[in-house]
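Keep in mind that what you see is a predicted model, and the values were worked out from it rather than measured.
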Amino acid sequence: MGKFRILATFLCLSFFNLFSASNGRDIITPDQAMENGEALVSAGGTFKLGFFSPSGSTNRYLGIWYNNIPMQTVVWVANRNSPVTNFPAVLNLTADGNLALHDNTSNVIWLTNTSNVSDPTVQLLDSGNLVLTDNSRRLVWQSFDYPSDTFLPGMKLGFNQHLDWHLTSWTSPSDPSPGTYSSKIYGYREIGIWNLTILKYRSGPWNGHGFNGFTDMKSAEFFSFRFFINQEEEYYTFEIINKSILSRVVLNQFGVVQRSVLLDPIHGWKLYWWFPMDQCDEYAECGAFGVCNTNDSSVCKCLRGFVPKSPEDWALRDFSDGCVRRTALHCGRGGDGFLKVTGLKLPDTSNAMVDRNMSLDDCRDRCLKNCSCMAFNSFSEDGSACLTWHGDLIDIREFTEGGQDLYVRLASSELGMST
Ligand SMILES: *[C@@H]1O[C@H](CO)[C@@H](O)[C@H](O)[C@H]1NC(C)=O
Ligand SMILES: *[C@@H]1O[C@H](CO)[C@@H](O)[C@H](O)[C@H]1NC(C)=O
Ligand SMILES: *[C@@H]1O[C@H](CO)[C@@H](O)[C@H](O)[C@H]1NC(C)=O
Ligand SMILES: *[C@@H]1O[C@H](CO)[C@@H](O)[C@H](O)[C@H]1NC(C)=O
Ligand SMILES: *[C@@H]1O[C@H](CO)[C@@H](O)[C@H](O)[C@H]1NC(C)=O
Ligand SMILES: *[C@@H]1O[C@H](CO)[C@@H](O)[C@H](O)[C@H]1NC(C)=O
Ligand SMILES: *[C@@H]1O[C@H](CO)[C@@H](O)[C@H](O)[C@H]1NC(C)=O
Ligand SMILES: *[C@@H]1O[C@H](CO)[C@@H](O)[C@H](O)[C@H]1NC(C)=O
Ligand SMILES: *[C@@H]1O[C@H](CO)[C@@H](O)[C@H](O)[C@H]1NC(C)=O
């Protein structure tokens with residue numbers, strides 16, 4: 001009797017161990033596949049990889065979500081374009097060492113498709129990154145290189161020679177297929193948000209601490225933000241300083257970027273920050289050489305020395321034609337100067353040029369010598385980079401606090417005037 005009970009207990013315990021082991025493992029190996037209903041859980045228990053259906057959909061997807069919070073929050077989807085419709089699905093390693101998702105007829109629905117990998121292992125890390133490594137533990141493929149709509153601590157937004165790390169919105173909350181919005185780094189270290197090919201919102205350039213157009217963005221008690229640049233890669237990333245909170249950034253189906261934080265699973269996710277916030281965040285709201293300020297009764301005005309191009313439209317609050325110079329530039333014949341305007345979100349940098357290690361005076365000379373140069377600024381936080389803008393100055397806004405200087409080229413005769 002006693003022996004039986006011990007044996008039963010032993011059997012129960014081993015059963016429990018087997019059970020929790022098969023549900024708690026964090027790796028896939030060539031002889032250990034993952035099937036419908038199974039999941040990987042990262043070693044620290046933070047993330048889970050498994051099959052899910054978004055609410056309102058019967059399609060199944062392979063995805064990663066937070067393991068320890070009640071509301072399923074998906075952060076990555078593998079087969080965004082090709083849901084599993086025939087169950088059960090199988091996730092295993094192919095003969096050449098790639099991770100493959102098969103439906104019940106063994107069709108490959110999704111594949112990592114990198115080079116041949118010998119002795120491969122797939123592991124779900126506690127950062128939420130799914131990694132494929134070879135026999136020498138060399139990283140061959142990682143889900144962080146192919147973000148969906150969610151930006152997690154340690155992920156990169158930017159590019160290197162081979163990869164372009166960007167976010168793409170879901171089509172809708174019930175459909176993770178790529179929506180029309182995307183977000184990536186462009187110009188001089190700025191984030192843009194596009195609807196298909198149309199730029200809708202921009203962050204302004206990185207100024208050493210944060211993005212110039214996000215005046216409230218500073219590394220502080222909760223987050224540390226970083227823009228990293230070297231010969232090989234250029235990217236923006238963030239970390240959470242207090243490990244007891246969770247935070248994620250999502251590009252939603254309407255092109256809004258939202259940072260949420262979770263302090264306590266009971267209270268759930270709280271919206272912490274979002275962008276765009278107001279009318280002046282709309283790209284080119286005031287047209288070329290216009291300045292946007294939500295506090296001004298007219299919202300848009302022209303830079304000093306410029307006048308509305310279409311005064312009738314402007315009076316009717318259609319600012320899209322922007323502003324034109326009141327006095328033509330002299331350019332090569334001398335007689336141009338610069339007006340220092342302070343507290344700005346700097347204009348779109350897609351046509352800006354950068355010269356590293358150049359003083360403000362040299363930067364001014366450089367701009368003055370080039371007829372297409374309309375403005376310049378120097379970023380002292382970055383070992384004095386000289387930024388010169390060529391062509392129309394687009395998407396400037398004015399802040400009451402924060403913002404940066406811009407030296408705008410004007411005919412000298414405009415510089416003496418007091419209006
Ligand atoms: C495969 O999926 C199809 C469609 O859902 C279903 O009819 C069929 O029974 C499945 N086969 C197996 C072996 O599960
Ligand atoms: C992976 O799973 C599919 C579907 O079950 C199967 O056809 C295939 O042979 C498996 N691959 C390997 C290498 O075991
Ligand atoms: C795998 O990559 C190769 C080369 O880039 C490409 O030709 C092929 O279509 C890809 N296969 C799949 C299944 O995506
Ligand atoms: C993988 O190796 C096999 C056998 O050597 C070869 O036929 C195949 O082209 C290789 N695939 C890739 C993607 O390198
Ligand atoms: C981290 O945040 C939690 C929740 O706000 C707080 O209780 C805790 O004191 C913080 N820890 C540190 C080291 O700041
Ligand atoms: C995105 O652009 C498309 C095409 O111009 C348009 O039909 C759609 O309404 C836009 N989406 C949103 C959410 O504004
Ligand atoms: C910057 O320029 C100065 C003067 O031309 C030079 O001495 C210095 O080495 C340069 N620094 C870098 C980082 O290129
Ligand atoms: C002026 O700047 C433009 C844009 O960078 C450049 O293409 C052009 O070559 C420059 N002209 C001179 C004379 O340096
Ligand atoms: C608008 O004015 C208020 C009060 O002066 C100020 O607190 C706020 O920051 C201003 N907003 C902008 C966008 O300039």
### Query
Is there a donor-acceptor pair under 3.5 Å between the side chain of N377 and the backbone N or O of D405?
yes
### Task
Applying side-chain hydrogen bond (donor to acceptor under 3.5 Å, both in side chains), run through D145 and W165 and close with a yes or a no.
CA-CA 6 Å; D145 281 341; W165 302 293; 2.8 Å; yes
### Residue among W389, F338, F376 satisfying ring pair (Phe, Tyr, Trp, His ring centres under 6.0 Å) with Y407
F376
### Query
In a check of side-chain hydrogen bond (donor to acceptor under 3.5 Å, both in side chains) between H102 and each of N92, N86, N107, which one passes?
N92
#### Entry: D321 (side chain) donor-acceptor with S310 (main chain) under 3.5 angstrom
no
### Query
Between OG of S359 and CZ of R364, what distance do you get to the nearest 0.5 Å?
11.5 Å
### Message
Please verify the inter-ring angle class for F225 with Y236; under 30° counts as parallel, over 60° as perpendicular, anything in between as tilted.
### Response
parallel
### Task
Write out all pairs satisfying ring pair (Phe, Tyr, Trp, His ring centres under 6.0 Å) with one or both partners inside residues 26-49, taking only residues at least two apart or from two chains.
F47-Y66
### Task
Indicate the atoms forming the closest heavy-atom contact of G204 with F211, along with that distance.
O-CD2, 3.4 Å
### Summary
From the list N295, T342, N293, T294, side-chain hydrogen bond (donor to acceptor under 3.5 Å, both in side chains) partner of E398 resolves to N293
### Query
So which heavy atom on N207 is nearest to which on N212, and how close?
ND2-CA, 4.1 Å
### Task
Would you please test N81 and S177 for side-chain hydrogen bond (donor to acceptor under 3.5 Å, both in side chains) and show each step?
CA-CA 5 Å; N81 281 312; S177 67; 5.4 Å; no
### Query
How far does OG of S372 sit from CZ of R409, to the nearest 0.5 angstrom?
8.5 Å
### Query
Quick check: does any side chain N or O of K270 sit under 3.5 Å from a backbone N or O of L263, one acting as donor and the other as acceptor?
no
### Query
What's the shortest heavy-atom distance between C280 and D395, and which atoms?
O-OD1, 4.4 Å
### Query
With distance as the sole test, does S169 use its side chain to make a donor-acceptor pair with the main-chain N or O of Y181 at under 3.5 Å?
yes
### Task
Compute both the distance and the angle, then confirm whether R259 meets the cation-pi test with F238: under 6.0 Å from the six-membered ring centre, within 45 degrees of the axis.
yes
### Message
If we count only N and O atoms by modelled type, under 3.5 Å, do the side chains of D348 and Y283 hold a donor and an acceptor together?
### Response
yes
### Message
One pair to check against side-chain hydrogen bond (donor to acceptor under 3.5 Å, both in side chains): D96 and N98. What are the steps and the verdict?
### Response
CA-CA 6 Å; D96 68 359; N98 278 284; 3.3 Å; yes
### Query
Between E38 and R25, is there a salt bridge with N-O shorter than 4.0 Å?
yes
### Task
Measure across V354 and A385 and return the closest heavy-atom pair with its distance rounded to 0.1 Å.
CG1-CB, 4.2 Å
### Task
Report yes or no: does T349 contribute a side-chain atom to a donor-acceptor pair with the main-chain N or O of G187 at less than 3.5 Å?
no
### Query
Applying the side-chain contact (heavy atoms from CB on, under 4.5 Å) test to C373, which of T388, L368, D336 qualifies?
T388
### Task
Return yes if a side-chain donor-acceptor contact under 3.5 Å exists between T105 and D103, otherwise no.
yes
### Intermediate values then yes/no, side-chain hydrogen bond (donor to acceptor under 3.5 Å, both in side chains), D296 and S298
CA-CA 5 Å; D296 284 359; S298 68; 5.4 Å; no
### Query
Okay, side chain of T168, backbone of S148: is any donor-acceptor separation there less than 3.5 Å?
no
### Query
Between the side chain of S182 and the main-chain N/O of L167, is any donor-acceptor distance below 3.5 Å?
no
### Query
How many angstroms lie between CH2 in W170 and CG in D149, if you round to the nearest 0.5 Å?
6.5 Å
### Query
Would you call K184-D164 a salt bridge at under 4.0 Å N-O?
no
### Message
Applying side-chain contact (heavy atoms from CB on, under 4.5 Å), can you list everything that pairs with D264, at least two apart in sequence or on another chain?
### Response
I266, H267
#### Entry: CG on L130 to OG on S42, rounded to 0.5 Å
11.0 Å
### Message
Using a 3.5 Å distance criterion without hydrogens, assess whether the side chain of W273 forms a donor-acceptor pair with backbone atoms of V249.
### Response
no
### Query
Is it true that a side-chain atom of N195 and a backbone atom of I198 form a donor plus acceptor pair closer than 3.5 Å?
no
### Task
Step by step, work out the disulfide (SG to SG under 2.5 Å) result for C386 and C363.
CA-CA 6 Å; C386 166; C363 190; 2.0 Å; yes
### Message
Looking at F87, I'd like to know if its CZ atom is crowded, meaning that more than 12 non-hydrogen atoms belonging to other residues, nucleotides or ligands lie closer than 6.0 Å.
### Response
yes
### Query
Could you state the interatomic distance from SG (C292) to CD1 (I396), rounded to the nearest 0.5 Å?
11.0 Å
## Note on the structure
Between the OG1 atom in T121 and the CG atom in L132, the distance rounded to the nearest 0.5 Å is 8.0 Å
### Query
Do you know which of T73, L246, I245 makes side-chain contact (heavy atoms from CB on, under 4.5 Å) with L262?
L246
### Query
Is a salt bridge present between R325 and E414, judged by a nitrogen-to-oxygen distance below 4.0 Å?
no
### Task
Measure across A411 and T327 and return the closest heavy-atom pair with its distance rounded to 0.1 Å.
CB-CG2, 3.8 Å
### Heavy-atom pair of closest approach, residues E285 and F319
O-CB, 3.6 Å
### Query
Would you say R60's side chain and P88's backbone share a donor-acceptor pair under 3.5 angstrom?
no
